[in-house]
Amino acid sequence: QVQLVESGGGVEQAGGSLRLSCAASGSIFSINSMRWYRQAPGKLREWVAIISSGGSTSYTSAVKGRFTISRDNAKNTVYLQMNSLKPEDTAVYYCNADIALAGRAGVTTGYWGQGTQVTVSS
């Protein structure tokens, strides 16, 4: 099967930076879009950013200009560079990817990582 493993979370002061990584492993044929979501305490999970297989990106307005999503297709990895962090960025960050398994190239399924905590202190 497939695993998505996030890393890079931690505690940072407001104005600082963190870089999240999410590596996919398993019997992967291809990865289409990859996304980052976040969920703050007591709130619903919200979409943060998306990157297509071709590298096109889009961001929620709250992070536009501060966060950058990128990917390394050779490593099946997506990144989220987070700059100018704010206390309201505090959340568990999850990656999500649309993946076709080896031997089932015509079928794409969404997979989630386990999440990584980001805490921004004021």
Side-chain angles (χ1 to χ4, degrees):
Q1 278 291 349
V2 171
Q3 272 194 318
L4 298 181
V5 179
E6 296 108 333
S7 61
V11 180
E12 183 59 72
Q13 291 186 334
S17 298
L18 285 172
R19 188 192 194 208
L20 306 183
S21 301
C22 172
S25 62
S27 301
I28 297 170
F29 175 76
S30 65
I31 303 178
N32 296 334
S33 294
M34 305 182 83
R35 306 169 189 84
W36 287 97
Y37 287 78
R38 66 186 181 185
Q39 187 166 17
K43 295 189 176 181
L44 296 174
R45 189 173 299 187
E46 65 172 352
W47 169 76
V48 175
I50 185 172
I51 185 166
S52 70
S53 57
S56 297
T57 61
S58 184
Y59 302 88
T60 189
S61 57
V63 309
K64 198 173 295 184
R66 299 188 298 121
F67 291 9
T68 301
I69 189 171
S70 61
R71 64 192 287 171
D72 184 333
N73 291 330
K75 296 181 179 179
N76 289 337
T77 299
V78 63
Y79 305 96
L80 187 68
Q81 178 67 43
M82 305 186 295
N83 298 329
S84 303
L85 284 165
K86 303 176 180 180
E88 52 263 44
D89 294 321
T90 295
V92 178
Y93 283 71
Y94 299 89
C95 67
N96 168 267
D98 298 332
I99 297 174
L101 300 180
R104 301 189 68 189
V107 179
T108 299
T109 303
Y111 292 87
W112 289 89
Q114 82 288 351
T116 185
Q117 177 70 48
V118 170
T119 302
V120 183
S121 61
S122 57

With a 3.5 Å cut-off and sequence neighbours excluded, list the donor-acceptor pairs that the side chains of residues 80-97 form with protein atoms.
| unit_1 | atom_1 | unit_2 | atom_2 | d |
| --- | --- | --- | --- | --- |
| Q81 | NE2 | N83 | OD1 | 2.9 |
| N83 | OD1 | S17 | OG | 2.9 |
| D89 | OD1 | R38 | NH1 | 2.9 |
| D89 | OD1 | R66 | NH2 | 3.0 |
| D89 | OD2 | R66 | NH1 | 2.8 |
| D89 | OD2 | R66 | NH2 | 3.4 |
| D89 | OD2 | K86 | N | 2.8 |
| T90 | OG1 | P87 | O | 2.9 |
| T90 | OG1 | V120 | N | 2.9 |
| T90 | OG1 | V120 | O | 3.4 |
| Y93 | OH | R38 | NH1 | 3.0 |
| Y93 | OH | D89 | O | 2.6 |
| N96 | OD1 | R35 | NH1 | 2.7 |
| N96 | ND2 | Y111 | O | 3.3 |

* In Å and rounded to the nearest 0.5 Å, what is the OG to CD1 distance from S33 to I99? -> 11.5 Å

* **T57 OG1 to K64 NZ distance, which is reported to the nearest 0.5 Å** => 9.5 Å

* Structure fact -> Of all heavy-atom pairs linking Y59 and F67, the shortest is CE2-O, 3.3 Å

* **Expected output: side-chain R71 to main-chain G54 donor-acceptor under 3.5 Å** => no

* Check whether M34 and I28 end up in the same hydrophobic cluster, where Ile, Leu, Val, Met, Phe, Trp and Tyr are linked by side-chain heavy atoms less than 4.5 Å apart. => yes

* Closest heavy-atom pair and its distance - T108, A100 -> OG1-CB, 4.3 Å

* Check A24 against L4 and note the closest heavy-atom contact, atom names and distance. => CB-CD2, 3.2 Å

* Asked: Taking atom OG of S7 and atom CD of Q114, what is their separation to the nearest 0.5 Å?
  -> 8.5 Å

* Under 4.5 Å between any side-chain heavy atoms of I31 and V78, yes or no? -> no

* Asked: Between the main-chain N or O of G115 and the side-chain N or O of E6, is there a donor-acceptor pair closer than 3.5 Å?
  -> yes

* Atom CD1 of I50 and atom OG1 of T60: how far apart are they, to the nearest 0.5 Å? -> 12.0 Å

* In a check of side chain to side chain contact (heavy atoms under 4.5 Å, CB included) between Y79 and each of I69, D72, T68, I51, which one passes? -> D72

* If two hydrophobic side chains count as joined below 4.5 Å and joins carry through other members, does L20 share a cluster with W47? -> no

* **Residue pairs fulfilling side-chain hydrogen bond (donor to acceptor under 3.5 Å, both in side chains) with at least one residue in residues 19-31, sequence neighbours excluded** => none

